[in-house]
Peer 1: 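Take this structure, written in structure tokens, and hold onto it; I'll ask about it next.
Remember, it's 1-based here, ligands and their atoms both numbered in the order they're listed. Fair warning: this is a prediction, and the values are worked out from it, not measured in the lab. Counting begins at 1 with the first residue of the sequence.
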Amino acid sequence: MTEAILEAQDKTQKSGYKASSITVLKGLEAVRKRPAMYIGDVGARGLHHLVYEVVDNSIDEAMTGNCNRIEMTINKDGSVSVKDNGRGIPTDMHPVEKRPALEVVMTVLHAGGKFDKDSYKVSGGLHGVGVSVVNALSEWLTVEVVRDGERFTQTYRRGIPAGPMELLGKARGRGTTVTFFPDPEIFKTTTFSYNTLVERLRELAYLNRGLTIIAEDRRDDSREEFSFKGGLAEFVAYLDENRTALHNKVVYFEAEREDIPVEVALQYNDGYSENIVTYVNNINTVEGGTHLSGFKAALTRTLNSYAEKNKMFKSDKFSLSGDDVREGLTAVISIKVGEPQFEGQTKTKLGNGEVKGVVEQIVNEKLGDFLEEHPHDAKKIVEKSVHAARAREAARKARDLTRRKSALESGSLPGKLADCTSKDVGQSELFIVEGDSAGGSAKQGRNREFQAILPLRGKVINVEKARVDKILNNEELRTLITAVGAATGLGNGSEEDFDMAKVRYGKIILMTDADVDGAHIRTLLLTFLFRYMKPLISEERIYIAMPPLFGVAKGKKKLYAMDEVERDKIIQEFGGSQGVHIQRYKGLGEMNPDQLWETTMDPERRTMMKVTLEDAAAADHTFSMLMGDAVEPRREFIEKNAKYVTELDV
Ligand code: 0RA
């Protein structure tokens with residue numbers, strides 16, 4: 001224990017309490033000065049990361065086998081408590097710093113994380129920055145520890161101890177409870193979303209088999225308890241609950257090689273999309289990486305060799321491609337790496353080269369075993385893949401035809417697209433607009449230098465229910481693919497074909513009516529982008545235009561309102577409703593080009609919603625529910641969420 005604490009201290013600081021408290025203040029100051037460097041941003045996302053950071057510390061206790069229960073509570077006053085039944089943060093005197101270890105952990109940057117060498121701590125990224133960062137960014141924080149039969153507590157304000165650690169008295173059990181209120185001086189909002197937190201906590205419960213996680217919202221008495229004995233197998237079943245499975249039992253295995261534990265669950269369904277969610281140290285690696293590559297390589301190889309060995313291909317030359325074997329596949333891969341290297345735009349791509357071979361070997365072996373032991377399921381999976389291969393071949397032939405034809409007929413860009421003149425991708429924007437009349441207004445109202453308009457006339461196909469050949473026959477999606485410019489020719493549009501470097505616009509903005517139809521078209525478009533152009537979402541290039549709902553005019557003055565509350569405020573500012581004319585915009589088409597520019601398109605004045613991908617698994621579940629076969633969950637979701645769509649987190 002003492003050794004562990006010694007390790008945690010700053011080795012250059014040996015001059016006792018005063019010097020170390022100066023270091024502490026400097027550390028806290030650095031965090032408060034540049035919060036985004038530690039937690040990503042100071043918006044809703046950063047706010048919720050505070051909770052994840054505290055929970056991560058408890059998860060570490062669980063991962064080392066020292067804790068099996070974590071409770072997260074949003075309290076009535078809006079503060080959050082995270083309680084675990086782990087060993088409790090040590091409370092004995094720090095031999096050099098001359099203050100309790102608890103205070104050191106809570107106030108010294110990175111002190112907490114270095115205690116346990118065995119746990120898979122994350123270097124860099126948003127996670128693993130240490131609970132002291134949460135402390136520094138909280139208006140107040142109270143920690144309570146039960147350890148060795150006694151209860152201790154300490155409170156801090158903006159990271160600074162409000163008093164010494166206190167002994168509260170005797171107590172049973174053990175564990176740590178951290179309660180904090182985020183600092184309104186730092187955060188744009190301090191209101192926690194229970195749903196957002198629940199989604200992450202559910203995910204963590206799936207990822208840590210057997211761990212009980214309880215979420216509670218005392219503001220409205222919501223409560224959920226998650227505990228999954230089946231771990232990832234149950235996760236996959238949950239992701240596919242709105243789909244029809246091809247085989248009854250989820251394929252599940254785990255193994256460890258070169259100190260890298262690998263856990264995989266997968267299931268095929270009768271749909272066409274590919275849904276692989278990957279994690280490293282409980283972090284969702286949205287951009288994939290070496291673990292995903294290893295898995296894909298093994299899947300393709302194992303299915304081909306099994307099918308060949310069992311003479312399931314009609315011709316010797318036949319083989320299944322990666323796309324073929326991933327059609328209708330839902331899989332979750334979770335691995336632990338001692339020193340992960342995160343790369344990519346959003347630092348969610350695993351770079352460690354050694355991981356690919358490890359995952360590949362394990363999947364080859366274990367999936368091979370599964371196929372041998374379950375010939376009935378194996379047959380279904382191979383048949384599905386062979387079917388996918390045939391459809392893909394037919395689609396390719398059809399595509400070659402259309403490509404030649406369209407090359408003769410026109411240039412490469414769709415005729416409906418009113419492109420911008422600038423070739424600077426960074427500043428150019430593509431507006432995808434619902435309907436011809438709104439499209440016309442947008443074309444007239446835009447700044448043609450950097451704004452391109454693509455009006456959508458016909459129906460956008462539901463890609464959850466269609467195979468790639470059908471998708472490519474959909475006029476609207478084809479024009480969209482061509483306008484974006486990143487799919488290779490009219491390639492199959494899957495992630496591998498999608499080339500971010502070729503995207504022609506910095507921002508792609510969905511502009512649909514503020515009504516039910518508009519919302520439907522927007523969901524169809526988002527589903528397509530999520531399934532076939534995911535990097536556009538993970539790199540946060542997709543936006544949703546927010547046209548005003550009301551125009552409020554008095555005399556020559558006219559203001560716009562996004563909702564009823566704003567409308568009423570404007571009426572008040574105008575000195576009451578006398579002589580005030582209110583217009584409710586039902587569709588974009590009701591606005592003239594100038595109005596559309598002023599309210600919705602002008603970068604100086606518009607409000608837009610950025611589409612983010614915090615949690616790919618939750619997004620998959622939402623889309624499969626919204627666009628899949630089951631009607632009841634969709635109706636429930638829409639009723640529950642219709643009122644709360646402020647920040648869209650797919
Ligand atoms: C440092 C050392 C030990 C445990 C912890 C920190 C710890 C931190 C947190 C944060 C939230 N819950 C926590 N639980 C434990 C190990 C102590 C020992 O060896 O007994």
Peer 1: State, without any angle test, whether Arg219 and Tyr194 hold a side-chain donor-acceptor pair at a distance under 3.5 Å.
Peer 2: no
Peer 1: Decide whether an N or O pair under 3.5 Å exists between Arg147 and ligand 1.
Peer 2: yes
Peer 1: Would you mind listing which atoms of ligand 1 come within a distance below 4.0 Å of any non-hydrogen atom of Asn57?
Peer 2: 10 (C), 11 (C)
Peer 1: Below 4.0 Å from any atom of ligand 1, is there a heavy atom belonging to Val131?
Peer 2: no
Peer 1: Looking only at atom types and distance, does a side-chain atom of His48 sit under 3.5 Å from a main-chain N or O of Leu197, one as donor and one as acceptor?
Peer 2: no
Peer 1: Between Arg223 (side chain only) and Ile214 (backbone N and O only), is there a donor and an acceptor less than 3.5 Å apart?
Peer 2: no
Peer 1: How about Phe370 and Phe253: are their ring centres within less than 6.0 Å of each other?
Peer 2: no
Peer 1: Of the backbone atoms (N, CA, C, O) and the side-chain heavy atoms from C-beta on, which set of Val105 has a member under 4.0 Å from an atom of ligand 1: side chain, backbone, both, or neither?
Peer 2: neither
Peer 1: For atom 9 (C) of ligand 1, which candidate among Leu102, Val145, Ile89 provides the closest heavy atom?
Peer 2: Ile89
Peer 1: If you take the nearest heavy atom of each of Ala62, Pro90, Cys67, which one is closest to atom 5 (C) of ligand 1?
Peer 2: Pro90
Peer 1: Short question: side chain of Ser79, backbone of Thr179 - any donor-acceptor pair under 3.5 Å?
Peer 2: no
Peer 1: Relative to the ring of Phe180, is the ring of Phe192 parallel (under 30°), tilted (30 to 60°) or perpendicular (over 60°)?
Peer 2: perpendicular
Peer 1: Only heavy atoms count here, so choose which of Asp148, Val178, Asp92, Asp84 is nearest to atom 11 (C) of ligand 1.
Peer 2: Asp84
Peer 1: What are the atoms of ligand 1, with element, lying closer than 4.0 Å to any heavy atom of Glu61?
Peer 2: 4 (C), 13 (C), 14 (N), 15 (C)
